[in-house]
Protein chains: 2
Amino acid sequence: MEYLIGEFSLVARLSVKTLRFYHEEGLLLPSRIDAVTGYRYYDEAAAGRAAAIRELRALGFSLDAIKEILSRCEDDEDIVPYLERRGEEIASEIEDSRATQRMIQEFLERQKEIQGMNVDRNIVIKELPELTVAGIRFKGKYDQVGKYFGPLMKRAGKYALSGPMTIYHDREYRDEDADIEVCVPVRKALNEGELASHPLAGGRAVTLIHQGPYDTISDSYRKIGAYIKDCGLRASVPSREIYIKGPGLIFMGNPKKYLTEIQVIAVHVDDEASRAS
Amino acid sequence: MEYLIGEFSLVARLSVKTLRFYHEEGLLLPSRIDAVTGYRYYDEAAAGRAAAIRELRALGFSLDAIKEILSRCEDDEDIVPYLERRGEEIASEIEDSRATQRMIQEFLERQKEIQGMNVDRNIVIKELPELTVAGIRFKGKYDQVGKYFGPLMKRAGKYALSGPMTIYHDREYRDEDADIEVCVPVRKALNEGELASHPLAGGRAVTLIHQGPYDTISDSYRKIGAYIKDCGLRASVPSREIYIKGPGLIFMGNPKKYLTEIQVIAVHVDDEASRAS
DNA sequence: CTTGACCCTCCAGCGGCTGGAGGGTGGAAG
DNA sequence: CTTCCACCCTCCAGCCGCTGGAGGGTCAAG
């Protein structure tokens, strides 16, 4: 029983192109080639080999691997070691895919969280809990903050309870040499190299969500300052900025859409006075 | 701040080759190209874009997809739909991989089962349970059996309790026109087209495992026949052949290693006589 | 002036095919 | 006898995301 390539293509369930390619590769040879026309003819034995090739391809073996398997094995039991190795390969591929999927999931969840937040553009009074934060403290200019986020998240990311924030330890504004701490709330204290953990006191805070690029944030600070003064309060250090929405993980994003929550813990002047006495 | 391509390669964590390739593709353009030397120079903005590209590549996006994403999105929230779709893609890739893995697993388990079987080359008396089998019955020659296995396993494979077998309904040997049923034990009766299910009676059977190609199986039948006669038993129809090891799923295998168990249910002549009376 | 570390362009190759151009063959229909 | 169609052939390009190498220019240090 002899087949022309087109007929054999139906039997073997491999395209004519693929059959010619496998011939060229020496993977599946026709049983006979007509010397005059150059036509390829295939037989039953070729059909068996073709079926084996199809099966092995379906299991994800490369053509080279299949060549090796077909040359080395003549019985199903001989391919057991190949299948075992292939199984492990697939397992690790799956593991990789799942890791990628987890990354996507986390990203989407974070995004959803941000989306779901209803943003109040007014001043809000909040009771802040005490936190343990792990951070890197340095003296410098505001725009150096960005450089510290990478190392911070790399080391503390696993233990982070929420997104990163910046703590300003100065009582007043400083252009150069500001005392800045880039940090993140963590589950457990963590000290390693420049990274240091410490408790961060809670309390009643005046908060405001600033929308726009960071270089306009002083407007929002002014609002908070005015509010604090009007209410007869007094700002205590340190103050914090929480990055609700900043330059994304992937994009710089549009600075006009950046959202930064400013939190300044404030106490009544009389309370302070009475406590001081 | 300007980088030569080699320096930028460290910043961007992309190989020089890749950077040149991305340039050619229009995916990541240098900020400036020296008209005289042709040197590429990159800046901070390019570093940002490079980081985005790296992230997206790590999530498995194609360069084309990345081009589209970078041209359409300018904020992390814009890529949510892309990530969602990508997540689904990955999920289906994982599903495919798992299907492949299951196939490999099943194959390995079957192999192990066969390996683990201790093969007794002598005549063995077994008590066979009653079974429900789904099979295709036809009249023809022995070597047509092979053709029916494919369709059989395709339809009944899901419900199969064990490997396929052949039932011979003739009392004596027939070369042409034998009454043959290719079947498989199933969990539940199953009727569809040529596929029909029915119970298969159990009983005390004389069994022998035949090793070698099918065309020598008559030797083993002779042995069984002789044994039955010697013991004063009488063979009842149908008899069965169980393919312990035959042409594999992938390889034809070595016919000398084929193992086929012949099972002939036999009763004492006196029992039969007494029952007949 | 040489050395060596950069940089450039251009081309080939990986794997596993697919598509198409350009041409031959064989049988049936008009 | 021509024409058509369905086959078959070979050879080359293209997909994707790079990588490697050949062959050559550039730049700063020794």
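None of the values given here were measured: they were computed from a predicted structure. In what follows, chains carry the letters A, B, and so on, assigned in the order in which the sequence lines appear, proteins first and then strands, with residues in each chain numbered from 1.
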Quiz item: Is the shortest side-chain N to carboxylate O distance from B/Arg110 to B/Glu113 below 4.0 Å?
Solution: no
Quiz prompt | Euclidean distance, atom CD of residue B/Glu25 to atom P of D/dC18 [Å, nearest integer] | solution = 10 Å
Practice problem: Let me know which of B/Leu4, B/Ile5, B/Ile33 forms a side-chain contact (heavy atoms from CB on, under 4.5 Å) with B/Tyr41. | Solution: B/Leu4
Self-check item: Any A/Thr18 side-chain nitrogen or oxygen under 4.0 Å from OP1 or OP2 of C/dT18
Solution: yes
Quiz item: In terms of the angle between their ring planes, are A/Tyr214 and A/Tyr243 parallel, tilted or perpendicular, with boundaries placed at 30° and 60°?
Solution: perpendicular
Quiz item: Under a 4.0 Å N-O cut-off, is there an ion pair linking B/Arg137 with B/Asp179?
Solution: yes
Quiz item: Which sits closer to the 5' end of DNA chain D, B/Arg57 or B/Asp34, going by the nucleotide each is nearest to?
Solution: B/Arg57
Practice problem: Kindly determine whether A/Lys139 and A/Glu181 satisfy salt bridge (charged side-chain N to carboxylate O under 4.0 Å, His left out), including the steps that lead there. | Solution: CA-CA 8 Å; A/Lys139 281 190 194 271; A/Glu181 185 173 1; over 6 Å; no
Quiz prompt | Distance in angstrom units between A/Leu28 CG and C/dC17 P, rounded | solution = 12 Å
Practice problem: Encode nucleotides 6-12 of chain C as B, S and - characters from 5' to 3', where the letter depends on protein heavy atoms closer than 4.0 Å: B to the base, S only to sugar-phosphate, - to neither. | Solution: BSSB---
Practice problem: Mind calculating the distance between CG (A/Leu14) and C1' (C/dT18) to the nearest angstrom? | Solution: 14 Å
Quiz item: In whole angstroms, how far is the P atom of C/dC14 from the CZ atom of A/Phe21?
Solution: 10 Å
Quiz item: How far apart are the C-alpha atoms of A/Arg40 and A/Asp34, what are their side-chain angles, what is the distance that settles it, and do they pass the salt bridge (charged side-chain N to carboxylate O under 4.0 Å, His left out) test?
Solution: CA-CA 7 Å; A/Arg40 292 168 179 86; A/Asp34 188 301; over 6 Å; no
Quiz item: Any ion pair linking B/Arg102 and B/Glu95 (charged N to carboxylate O, less than 4.0 Å)?
Solution: yes
Exercise. Go through A/Glu88 and A/Arg85 one step at a time and tell me if the salt bridge (charged side-chain N to carboxylate O under 4.0 Å, His left out) criterion holds.
Key: CA-CA 5 Å; A/Glu88 286 161 25; A/Arg85 241 185 305 151; over 6 Å; no
Self-check item: Positions of residues 61-68 of chain A (non-hydrogen atom under 4.0 Å from DNA chain C), listed by number
Solution: A/Ser62, A/Leu63
